[in-house]
Amino acid sequence: NARAPQALSKSTLLGGVGDLDAAVSIRLHALFLPVPRLFLKAFEVAGDGRIWLPVPISLLLISTTTSSVVSPLLAGLVVGLVLDLAFVGLAKLIVRRPRPAYNAADMYVAVAVDHWSFPSGHSSRAFLVAAFLADGGLPLPREVLFLWAAATSASRVLLGRHYILDVVAGAWLGVLEAWLSNLILRFLCSRSSFLVC
């Protein structure tokens with residue numbers, strides 16, 4: 001049924017671009033149906049906000065109880081993840097693009113705003129983490145971080161959770177959020193004694 005994805009991809013803000021995006025996305029989704037779903041779902045879990053937000057916050061809270069100095073890497077990551085939650089939620093509420101009609105029923109939706117497709121929160125979060133950690137001096141090669149972010153983003157289209165435009169917009173948003181969180185972190189480092197930057 002060629003009309004279903006196009007009808008469900010309608011968003012007054014995306015217009016005809018959304019129709020083309022839906023048509024290309026369903027073809028890509030169909031082409032990669034032989035890829036094991038469990039493999040794709042592993043990337044889904046690896047980019048899930050229900051992991052990425054509580055874990056760094058918990059580590060940050062634990063570090064404040066065991067030391068008088070807060071890790072700037074953790075602080076900046078938490079700032080970025082909070083920005084991501086706000087920006088993605090706001091964009092989803094404004095654009096209100098429905099998820100693809102062929103999205104399987106094996107998705108666990110946590111909040112009402114997650115019923116909307118644009119932008120992809122997994123994609124924004126993955127690129128935020130990759131871009132932020134790539135600039136954070138970790139011993140991980142930048143290529144590995146961005147390969148993980150790209151694979152996580154691609155899995156969203158291949159699982160039928162998002163359209164291509166959703167993940168591209170999410171990736172750009174994530175890189176912007178990493179830049180903003182670095183700016184905020186530099187500001188906090190210059191104003192506080194509990195961050196050693």
Side-chain angles (χ1 to χ4, degrees), residues 5 8-15 17-29 32 40-53 55-56 76-104 107-135 142-184:
L8 290 175
S9 71
K10 284 289 185 195
S11 166
T12 55
L13 293 177
L14 296 177
V17 173
D19 293 340
L20 175 62
D21 182 38
V24 174
S25 296
I26 194 169
R27 283 180 176 73
L28 193 59
H29 170 72
F32 283 88
L40 297 173
K41 285 189 67 68
F43 284 105
E44 180 174 60
V45 170
D48 198 313
R50 290 170 290 184
I51 294 170
W52 275 106
L53 196 55
V55 169
L77 190 57
V78 168
V79 166
L81 290 165
V82 170
L83 285 173
D84 181 62
L85 189 65
F87 290 162
V88 169
L90 183 62
K92 284 183 183 230
L93 282 173
I94 291 170
V95 177
R96 293 181 175 262
R97 184 183 198 187
R99 289 192 183 267
Y102 47 91
N103 180 20
M107 188 173 108
Y108 304 105
V109 176
V111 291
V113 74
D114 238 8
H115 290 291
W116 303 115
S117 187
F118 183 91
S120 166
H122 278 72
S123 182
S124 67
R125 196 171 309 106
F127 274 91
L128 157 68
V129 169
F132 186 79
L133 293 181
D135 286 340
R142 296 172 62 92
E143 296 82 9
V144 170
L145 291 166
F146 284 104
L147 182 62
W148 164 75
T152 298
S153 298
S155 76
R156 307 307 290 156
V157 176
L158 302 183
L159 283 166
R161 307 291 197 227
H162 288 282
Y163 301 102
I164 295 168
L165 189 59
D166 302 343
V167 298
V168 170
W172 282 108
L173 181 60
V175 171
L176 173 67
E177 292 163 346
W179 177 76
L180 283 173
S181 58
N182 271 316
L183 280 180
I184 293 168

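All values below were derived from every heavy atom in this structure, side-chain atoms included, with hydrogens, water molecules and symmetry-related copies excluded.
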Ignoring hydrogens, what is the shortest heavy-atom contact between [X] and [Y]? Give both atom names and the distance.
| X | Y | result |
| --- | --- | --- |
| V95 | F118 | CG2-CD2, 3.6 Å |
| P100 | S117 | CD-OG, 4.2 Å |
| V24 | I164 | CG1-CD1, 3.5 Å |
| S155 | E44 | OG-N, 4.1 Å |
| I51 | P56 | O-CD, 4.1 Å |
| W116 | R99 | O-NH2, 3.5 Å |

message = My understanding is that only residues two or more places apart in sequence, or in another chain, count here; which of them pass ring-ring contact (aromatic ring centres under 6.0 Å, His included) with F146?
response =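 Not a single residue meets the ring-ring contact (aromatic ring centres under 6.0 Å, His included) criterion with F146.
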Nearest 0.5 Å, please: how far is [atom2] in [Y] from [atom1] in [X]?
| X | Y | atom1 | atom2 | answer |
| --- | --- | --- | --- | --- |
| R142 | D135 | CZ | CG | 5.5 Å |
| H162 | S123 | NE2 | OG | 8.0 Å |
| L77 | L128 | CG | CG | 6.5 Å |
| L83 | I184 | CG | CD1 | 5.0 Å |
| F43 | L158 | CZ | CG | 10.5 Å |

With sequence neighbours excluded, what pairs up with [X] under the side chain to side chain contact (heavy atoms under 4.5 Å, CB included) test?
| X | value |
| --- | --- |
| A91 | P119 |
| V82 | L53, V78 |
| L147 | none |
| W172 | V168 |

Any residue meeting salt bridge (Lys or Arg N to Asp or Glu O under 4.0 Å) with R27, in chain and number order, not counting sequence neighbours =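 For R27, no residue satisfies salt bridge (Lys or Arg N to Asp or Glu O under 4.0 Å) once neighbours in sequence are set aside.
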D166 bridged to R97 by N-O distance under 4.0 Å = yes
ask   = Considering residues at least two apart in sequence or located in another chain, which fulfil the side-chain hydrogen bond (donor to acceptor under 3.5 Å, both in side chains) criterion with T152?
value =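 Applying side-chain hydrogen bond (donor to acceptor under 3.5 Å, both in side chains) to T152 gives W148.
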ask   = With S181, which residues qualify under side-chain hydrogen bond (donor to acceptor under 3.5 Å, both in side chains), at least two apart?
value =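 S181: no side-chain hydrogen bond (donor to acceptor under 3.5 Å, both in side chains) contacts found.
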task = Just grab all the salt bridge (charged side-chain N to carboxylate O under 4.0 Å, His left out) pairs involving residues 116-131, residues at least two apart or on different chains.
result = D84-R125
